[in-house]
2 protein chains.
Amino acid sequence: MKTDTIPRGEKYRNLGIKLTPQRIAILDYLEGNLSHPSAEDVYKAVLRKYPTMSFATVYNTLETLKQNGMVAELTADPGKKRFDPNPRPHHHLICTRCRRIVDVQVEFRLPVADRDRAGFEITGNHIEFFGTCPDCKKRTYGSSLQQAAGYLRSSG
Amino acid sequence: MKTDTIPRGEKYRNLGIKLTPQRIAILDYLEGNLSHPSAEDVYKAVLRKYPTMSFATVYNTLETLKQNGMVAELTADPGKKRFDPNPRPHHHLICTRCRRIVDVQVEFRLPVADRDRAGFEITGNHIEFFGTCPDCKKRTYGSSLQQAAGYLRSSG
DNA sequence: GTGATTGCAAACTGTTTGCATTTTG
DNA sequence: CAAAATGCAAACAGTTTGCAATCAC
């Protein structure tokens, strides 16, 4: 019964999820992708090859991939979800002007003493470095007095 | 002209914003508040004293307070804004089950070498520690295999 | 063949906007 | 008294849901 595997999507065979052409297109788009696309980014990119693709399928698939640890969901962009296909543990540089997100592949030691844990069981961490990306530095529009954790009306 | 200041709200006189009863009610609610309320939380709390309060005013006021550095906006909760009235720089413990957020008043040294900065000008940082809060640990519903940066269907 | 996935449209949640009215400084 | 804030309702953006048709295994 394990014969004649269809070539389409064979490289995703052992992911433990049912492979549809739509899912393969999404996986192809995400593979090695170091951007941090929103659901709409994924939708637009995949739509080119799959004109019948629907938003629901994008959301369904991203949710499935998340359940299987193949993408992480980021909250760095207020008002919309962003997805991270980089499976290596890492942190993020976030441009407070255009909300561009870039990976920071640096490890930090972040010990939290029991008395500072408030009884939490800590399972992971993630650092957001806020600042201005090279492109936005050039443009120099508006002022740069964004709060570290503040909100920026996303310009896109 | 600088005489007979109205007692109402005198303690907020020098904030540089126009004081209305609604704003004072919101400021009273936020002062010393170590929770991380959503706009709805603020609305509900203030509505008790101000039955005419509208959502628009809550959003407007929180935006104004943010502009003046009196609250920060958090993106830790997907799908909704959370606000942080604690003016001291700090980090956060985030319960991946109930999305409770607790302050971590610990300082970390987080140097990022030029070659890891991707040309960004870094102006601040914020650490999210993910885990399970004491209450959710007790409940022990569902599995705890949440991704560090993953999304949790908020149970509230 | 059967249970899972798709695609559409409608429903929903949280946020923002327009504007007449009221209020602060 | 001018400029700004309020409150309402309608508009909006992003996400989720229900369900019939289709598809992977």
Side-chain angles (χ1 to χ4, degrees), chain A residues 1-6 8-10 12-27 37-44 46-47 50-68 73-75 77-83 99 151-156, chain B residues 1-6 8-10 12-27 37-44 46-47 50-68 73-75 77-83 99 151 153-154 156:
Chain A
M1 243 51 172
K2 39 151 69 106
T3 48
D4 61 28
T5 354
I6 305 140
R8 131 155 75 87
E10 62 180 287
Y12 301 122
R13 253 178 313 178
N14 299 315
L15 296 181
I17 62 172
K18 197 175 275 194
L19 287 178
T20 65
Q22 293 87 338
R23 286 178 170 189
I24 291 166
I26 292 173
L27 285 164
S38 64
E40 185 178 14
D41 294 333
V42 176
Y43 174 70
K44 278 184 187 164
V46 175
L47 198 60
Y50 257 84
T52 78
M53 172 74 58
S54 82
F55 249 107
T57 298
V58 170
Y59 279 108
N60 285 341
T61 299
L62 288 169
E63 178 64 25
T64 299
L65 297 181
K66 195 179 70 187
Q67 304 295 350
N68 289 66
E73 184 180 312
L74 305 180
T75 57
D77 205 341
K80 70 173 63 156
K81 295 178 171 184
R82 298 276 290 264
F83 296 88
R99 285 288 155 184
Y151 169 59
L152 176 76
R153 196 178 312 272
S154 165
S155 54
Chain B
M1 241 54 170
K2 40 156 63 114
T3 48
D4 61 28
T5 354
I6 304 139
R8 131 156 74 89
E10 63 180 288
Y12 301 122
R13 253 178 313 178
N14 300 315
L15 295 182
I17 64 171
K18 197 175 273 193
L19 287 177
T20 64
Q22 293 87 337
R23 286 179 169 187
I24 291 166
I26 292 174
L27 285 164
S38 65
E40 185 177 14
D41 294 333
V42 176
Y43 175 70
K44 277 184 187 163
V46 175
L47 198 61
Y50 256 86
T52 79
M53 173 73 58
S54 83
F55 250 107
T57 298
V58 170
Y59 278 108
N60 285 341
T61 300
L62 288 169
E63 178 65 24
T64 299
L65 297 181
K66 195 179 69 185
Q67 303 296 350
N68 289 67
E73 184 181 311
L74 305 179
T75 58
D77 204 342
K80 70 173 64 157
K81 295 177 171 184
R82 298 276 290 263
F83 296 88
R99 285 289 155 182
Y151 170 59
R153 197 178 311 273
S154 165

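Letters A, B, ... mirror the listed sequences (proteins, then strands); counts begin at 1.
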*Does the side chain of A:Asn68 reach to within under 4.5 Å of the side chain of A:Leu15, using non-hydrogen atoms?*
no
*asked:* Of the listed nucleotides (D:dC8, D:dA24, C:dG7), which one gets closest to any side-chain atom of B:Ala56?
replied: D:dC8
*Report the distance from atom CZ of A:Arg13 to atom P of D:dC25, rounded to the nearest whole Å.*
11 Å
*What nucleotide, of D:dT6, C:dT5, D:dA24, holds the atom closest to the side chain of A:Pro21?*
D:dA24
*Whole angstrom is fine here: how far is it from CD1 in A:Ile24 over to P in D:dC23?*
14 Å
_From CZ of A:Phe83 over to P of D:dG14, roughly how many Å is that when rounded to an integer?_
13 Å
*Grab the OH-C1' distance between B:Tyr43 and D:dT6 for me, whole Å please.*
13 Å
*Between the side chains of A:Ser38 and A:Asp41, is a donor N or O closer than 3.5 angstrom to an acceptor N or O?*
yes
*asked:* Output the rounded distance in Å from NZ (A:Lys81) to P (D:dG14).
replied: 13 Å
*Describe the nucleic acid contact of B:Thr64 in one word from base, sugar-phosphate, nothing, applying a heavy-atom distance below 4.0 Å.*
nothing
_Distance test, side-chain N/O of A:Thr20 to OP1/OP2 of C:dT6, below 4.0 Å_ = yes
*Kindly say if B:Gln22 contacts the phosphate of D:dG7, meaning a side-chain N or O under 4.0 Å from OP1 or OP2.*
yes
*Kindly point out which of D:dC25, C:dG7, C:dG14 is positioned nearest to the side chain of A:Met53?*
C:dG7
_Step-by-step side-chain contact (heavy atoms from CB on, under 4.5 Å) determination, A:Thr64 to A:Arg23_ = CA-CA 10 Å; A:Thr64 299; A:Arg23 286 178 170 189; 3.7 Å; yes
*Are side-chain heavy atoms of B:Leu27 and B:Leu65 found at a separation under 4.5 Å?*
yes
*Would you mind reading off the distance between B:Leu19 atom CG and D:dA3 atom C1', rounded to a whole angstrom?*
16 Å
_Any A:Ser54 side-chain nitrogen or oxygen under 4.0 Å from OP1 or OP2 of C:dT6_ = no
*Could you state the CG-P distance from B:Leu47 to D:dT6, rounded to the nearest angstrom?*
15 Å
*Would you check if B:Gln22 and B:Val46 make a side-chain contact, meaning some heavy-atom pair closer than 4.5 Å?*
no
*asked:* Categorize A:Thr52 for me: base, sugar-phosphate, or nothing, with a 4.0 angstrom heavy-atom threshold over every strand shown.
replied: sugar-phosphate
*asked:* On DNA chain C, does the nearest nucleotide to B:Ile17 precede the nearest nucleotide to B:Ala39 from the 5' side, or the other way round? Give the residue.
replied: B:Ala39
*Return the 5'-most residue of the pair B:Lys18, B:Arg82 with respect to DNA chain C, ranking by each residue's nearest nucleotide.*
B:Arg82
*Rounded off to whole Å, could you give me the NZ-to-P distance for the A:Lys80 and D:dA13 pair?*
11 Å
